[in-house]
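Have a look at the structure below before the remarks.
As the structure is a computational prediction, the values presented were derived from the model and not from experiment.
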Amino acid sequence: MTLTTPHLGSSEGWTDARLLYALEEVVEKELNRHLKVAKDWMPHEYVPWSDGRNFPGFFEDGEAWEKGQSKVTDVGRIALVVNLLTEDNLPSYHHEIASLFGRDGAWGTWVHRWTAEEGRHGIVMRDYLLASRAVDPDELERFRMAHMSEGFESDNRHSMLHSVAYVAFQELATRISHRNTGHQSGDPVCDRMLARIATDENLHMVFYRNLLSAAFQIAPDLTMQAVRDVVVHFRMPGHGMPGFERAAAQMAIGEIYNLRIHHDDVLQPVLRFLKVLDIDGLGPEGLKAQEELGLYMGGLDAEAAKFDERLAARKARMAARAGS
């Protein structure tokens, strides 16, 4: 490390600028690793173009959208709209991370590369949805305009460390949401497309997770506090879109993303990989954050267990009705 660092057990002396400089070498290393393992892919190759036909409006032969024109399930349709609208806000995400991480050096190269890769996701999802007629195109466009007109501001924009911690979890959450949406979509073409997107999201998660690991090495107290804050107050980036709460509830029941999945498949894997709850040598602030994080995870697991019971009871009721 070329920068003289403050005492590892102390939160004093670390600013965003110092942390950005201290982590520059790690970013360059992770960027080079990412570029070696990431594979380019063509969004148009995942779209069933032969299923497409004109919509009404400009074309006289246009056929109006109807729900039965697609094999996609109801919960798959809901999740696809949520996932696409989330991807649509890429300009806001780019602005935020470019403002936090900068546009120069390895940090800037990563910001632009990440944005370019994420751009594919919105392209292929929208093309798939329109070609396969999986969603009402007019409603989708109205939702897009409403969501993007509001813009996006992260809960963690005040701190570079909080932002790194957030995206380490959020990229994995997005991967899980896309993958489960594919499984529940009822369409193998959709499943294949979302599996390709999920592969990108996983590589992005690995980049940020490894960066977070390096942050624990140089500023453990501050990093522990950032992780605690992010985990306790975590919200998906699409929380501001129209009808998000209702859609999230339906996705929870449909086992695309719920408390159990959030605890077991998103938070735990990152915390376990980084051994966050086992880190020792922390100062008072870091130790307090670590204890609070452990307590929160225990409480979240208990809440997830209650959700599991309610979901199992709901399935039993539905099965009983179907059999009667």
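- R133 forms a cation-pi arrangement with F55, by the criterion of a distance under 6.0 Å to the ring centre and an angle within 45° of the ring axis.
- Checked for salt-bridge contact, K288 and E291 miss the test: no charged N lies under 4.0 Å from a carboxylate O.
- We find the NE2-CG distance between H95 and N89 to be 12.5 Å, quoted to the nearest 0.5 Å.
- Using a distance-only test at 3.5 Å, with no hydrogens or angles considered, no donor-acceptor pair links the side chain of T223 to the main chain of P220.
- Salt-bridge annotation for E25 and K29: absent, with no side-chain N of the basic residue lying under 4.0 Å from a carboxylate O of the acidic one.
- Of the N and O atoms on the side chains of H44 and D127, not one donor lies less than 3.5 Å from an acceptor on the other residue.
- With salt bridges taken as basic N to acidic carboxylate O contacts below 4.0 Å, one links E141 and R144.
- By the rule that hydrophobic residues join a cluster once side-chain heavy atoms approach within less than 4.5 Å of another member, W49 and W41 end up as members of one cluster.
- By the 30° and 60° cut-offs, the orientation of the rings of H34 relative to W110 is perpendicular.
- Here the rule is ring pair (Phe, Tyr, Trp, His ring centres under 6.0 Å) with F234, and of H262, H239, H162 only H262 fits it.
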For this session: Any chance you could lay out the salt bridge (Lys or Arg N to Asp or Glu O under 4.0 Å) test for E139 and R142, step after step, and finish with the verdict?
Result: CA-CA 5 Å; E139 184 177 73; R142 286 192 290 269; 5.4 Å; no

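- Note on D74 versus K67: salt bridge recorded, some NZ/NE/NH1/NH2 to OD/OE distance being below 4.0 Å.
- Ring geometry for Y208 versus F101: interplanar angle of 30 to 60°, hence tilted.
- When all heavy atoms of L100 and S163 are compared, the pair lying nearest together is CD1-OG, 3.0 Å.
- Judged by distance alone, the side chain of E285 and the main-chain N or O of Q225 form no donor-acceptor pair under 3.5 Å.
- By the 4.0 Å N-to-carboxylate-O rule, R113 lies too far from D200 to be salt-bridged with it.
- Side-chain atoms of Q290 come within 3.5 Å of backbone N or O of V276 as a donor-acceptor pair.
- Contact annotation: the side chain of R175 never approaches that of I197 to less than 4.5 Å [non-hydrogen atoms, C-beta and beyond].
- Side-chain N or O atoms of R126 include none that pairs as donor or acceptor with a backbone N or O of L84 at under 3.5 Å.
- For the pair V227 and L271, the minimum side-chain heavy-atom distance is below 4.5 Å.
- Using a 4.0 Å cut-off between charged side-chain N and carboxylate O, E30 and R33 make a salt bridge.
- Side chain of W107 to backbone of L20: a donor-acceptor contact under 3.5 angstrom is found.
- Looking only at distances, no side-chain donor or acceptor of Y46 sits under 3.5 Å from a matching main-chain atom of L194.
- Applying the side-chain contact (heavy atoms from CB on, under 4.5 Å) criterion to I256, with sequence neighbours excluded, gives V75, A79, S177, N180, T181, Q184, M251.
- Checked by atom type and distance alone, the side chain of N54 never pairs as donor or acceptor with a backbone atom of D61 at under 3.5 Å.
- Between the side chain of Y93 and the backbone N or O of T86 there is at least one donor-acceptor pair closer than 3.5 Å.
- Within the 4.5 Å cutoff, side-chain heavy atoms of I218 are placed close to those of L23.
- Salt bridge annotation for R196-E45: absent, with no cationic side-chain nitrogen under 4.0 angstrom from a carboxylate oxygen.
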Exercise. Do L161 and W14 pass the side chain to side chain contact (heavy atoms under 4.5 Å, CB included) test, and can you show the C-alpha distance, the side-chain angles, and the key distance before you say yes or no?
Worked result: CA-CA 10 Å; L161 267 184; W14 282 118; over 6 Å; no

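- Not a single donor-acceptor pair under 3.5 Å links the side chain of D301 to the backbone N or O of M297.
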For this session: Report the C-alpha separation of T174 and Q170 in whole Å, then their side-chain angles, then the decisive distance to 0.1 Å, and conclude whether the side chain to side chain donor-acceptor pair (under 3.5 Å) test is met.
Result: CA-CA 6 Å; T174 304; Q170 182 267 322; 2.7 Å; yes

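- Side-chain contact check for N210 versus V26: every heavy-atom pair is 4.5 Å or farther apart.
- Judged by distance alone, the side chain of S213 and the main-chain N or O of R209 form no donor-acceptor pair under 3.5 Å.
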